[in-house]
Amino acid sequence: MDMHELDILPEGTTKIEALIEKYPLSFFNLANSKKPVMPCELSELAYLGDKIKGLNIILDNAEQYESKDLWPFIGLDYLQLSFSDTDVFFEDFGNLQNWLLNLDNLKAIYFPQIHEGSELTNLIIHSLSANKSYPLIVIYKAKKGKRVKQRNKEPTQIQAPGNRKIYRANKVELTPEGIKKIIAKDKKLSSAPAKELFFSGPLEVEDGEWLLDADGLFFEESEEIAVSLSGTDSLGNFNCSCRCYWQPDEGGFYFASRVPIKYTNYTTDSDFYMSIKFSEVKITNSGICYLKGVWLQSNEQWIIEGELSKNKFKTIAL
């Protein structure tokens, strides 16, 4: 793809037509422009919406009159998004959300002002990443930004699920090369401090045919689950450990195959294996990790699920 970076928004049809005449087969990225633009300023570019691959926009409060001007631009690869009004009306978010849900090609979004973890960014990230086959890159400015005032003060259960990776950076360039630099610096943020991502507790097995416990579980959203398990079945007591890696298919799940099972009644070289798939993983505001998945062993499968509590487990033997 032949991409041209534009520092400023072309003003007037004459300049736009001259630009298209010079680069008839090119696409244009305005995500790194020096000044964000209001949606109403994009009206003259509307007929070229399919050629615009990046925008730097500023909204007042996500109301309908703003979002309707964005609809010509749904083929974006990059988006820089900020709000001039700190009192965002969440009851009006549906207007903006409809547009966000149609940005199927978006690779990265940068919030230069909004504080990470706010209800607003959670809503935006969830809308953009819920059904993605590849991770959405989410970037926040390294220095502390302004918090968005929330009209609803009740605790939110939104954890911004979806296929996304979150980073923090001092200097952001929304281009393929710029994104690679940010990833290389390894500034990725976890959705919660590492110490809060260790869990343990019992797991329920379908029909209660045997017993299973998660002795220690580490969870990194859209990355992996590292888990140590123990239990008792018809062959006796056992334990096993594995890493379940994120798979984007079927809406996303974590999977590990051919994991060795160690039974206390058998030698260490005995041929026992299982596979495990976690289809649901949620962490509530109260710190409970809800799991649901399938245990596959000896051509049989059992649904497993449970609510695990935080603990101070620091290592998982794999």
Side-chain angles (χ1 to χ4, degrees), residues 1-23 26-89 92-115 118 120-121 123-125 127-128 136-141 143 145-146 148 169-176 178-179 182:
M1 180 187 295
D2 187 12
M3 185 83 73
H4 287 272
E5 299 291 323
L6 300 180
D7 292 335
I8 59 174
L9 186 73
E11 295 180 359
T13 55
T14 302
K15 289 186 178 181
I16 296 172
E17 289 174 357
L19 193 65
I20 298 302
E21 184 177 349
K22 185 176 181 180
Y23 306 107
S26 296
F27 297 88
F28 303 96
N29 183 13
L30 291 97
N32 303 297
S33 58
K34 298 176 181 178
K35 182 181 178 182
V37 298
M38 298 290 289
C40 60
E41 298 178 76
L42 297 170
S43 58
E44 291 182 339
L45 287 179
Y47 75 101
L48 296 174
D50 59 338
K51 285 185 170 289
I52 305 300
K53 295 299 179 182
L55 284 177
N56 178 6
I57 60 175
I58 183 168
L59 304 175
D60 282 337
N61 49 28
E63 289 184 337
Q64 173 116 24
Y65 78 91
E66 293 184 320
S67 56
K68 69 180 179 62
D69 294 314
L70 296 172
W71 276 100
F73 309 96
I74 58 173
L76 300 180
D77 289 339
Y78 306 105
L79 175 62
Q80 185 172 170
L81 180 61
S82 53
F83 289 82
S84 60
D85 189 342
T86 56
D87 190 12
V88 176
F89 300 140
D92 295 326
F93 181 76
N95 299 317
L96 177 62
Q97 186 178 41
N98 288 336
W99 177 67
L100 295 171
L101 289 170
N102 280 272
L103 300 183
D104 297 330
N105 300 323
L106 197 71
K107 296 179 174 63
I109 183 169
Y110 171 44
F111 298 106
Q113 298 174 336
I114 307 174
H115 178 76
S118 72
L120 178 61
T121 56
L123 287 166
I124 292 171
I125 293 168
S127 302
L128 290 170
L136 172 74
I137 301 299
V138 180
I139 309 168
Y140 293 100
K141 195 138 182 96
K143 66 180 182 179
K146 295 181 179 179
V148 178
N170 286 312
K171 185 177 181 181
V172 177
E173 182 184 355
L174 293 175
T175 64
I179 297 299
I182 291 173

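This chain uses plain numbering: 1 for the first residue, then up along the sequence. Just so we're clear, the structure is a prediction, and the values are computed from it rather than from any experiment.
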side-chain contact (heavy atoms from CB on, under 4.5 Å) against Asn102, all qualifying residues, sequence neighbours excluded: Trp71, Ile74
Looking only at heavy atoms, the pair that brings Met38 and Ile58 closest together is SD-O, 3.1 Å
Please check if the side chain of Lys141 supplies one atom and the backbone of Asn170 the other of a donor-acceptor pair under 3.5 Å. yes
Testing the basics here: between Ser82 and Pro112, what is the closest heavy-atom pair and its distance to 0.1 Å? CB-CG, 4.0 Å
Mind checking what makes side-chain hydrogen bond (donor to acceptor under 3.5 Å, both in side chains) contact with Lys107, not counting sequence neighbours? Asp77
Quick check for you: to the nearest 0.5 Å, what is the distance between Leu79 atom CG and Leu136 atom CG? 9.5 Å
Looking only at heavy atoms, which two atoms of Phe83 and Gln113 are closest? And how far apart? O-OE1, 3.4 Å
Indicate the atoms forming the closest heavy-atom contact of Val138 with Tyr140, along with that distance. CG1-CE1, 4.0 Å
Working to the nearest 0.5 angstrom, can you tell me the gap between Ile109 CD1 and Leu103 CG? 8.5 Å
With sequence neighbours left out, what residues match Tyr78 under ring pair (Phe, Tyr, Trp, His ring centres under 6.0 Å)? none
Donor-acceptor contact present, side-chain Asn32 to main-chain Glu173, <3.5 Å: no
Check whether any side-chain heavy atom of Leu76 lies under 4.5 Å from a side-chain heavy atom of Leu55, and answer yes or no. yes
Taking the side chain as everything from C-beta on, heavy atoms only, tell me whether Ile182 gets closer than 4.5 Å to Ile139. yes
Would you check if Asn56 and Val37 make a side-chain contact, meaning some heavy-atom pair closer than 4.5 Å? no
Shortest non-hydrogen contact from Ser127 to Leu101? O-CD2, 3.3 Å
Quick check on side-chain contact (heavy atoms from CB on, under 4.5 Å): which of Asp69, Ile57, Leu48, Ile52 does Leu42 satisfy it with? Ile57
Can you confirm if the NZ or CZ of Lys51 lies within 45° of the ring axis of Phe28 and under 6.0 Å from the centre of its six-membered ring? no
Is the backbone of Ala31 close enough, under 3.5 Å, to the side chain of Gln80 for a donor and an acceptor to pair up by distance? yes
Leu174 versus Ala108, closest heavy-atom pair with distance: CD2-CB, 4.2 Å
Verify, without hydrogens or angle tests, whether Trp99 (side chain) and Phe73 (backbone) share a donor-acceptor contact under 3.5 angstrom. yes
How long is the span from the CG atom in Leu128 to the CD atom in Gln97, to the nearest 0.5 Å? 9.5 Å
Would you say Phe111 and Thr121 make side-chain contact, with heavy atoms under 4.5 Å? yes
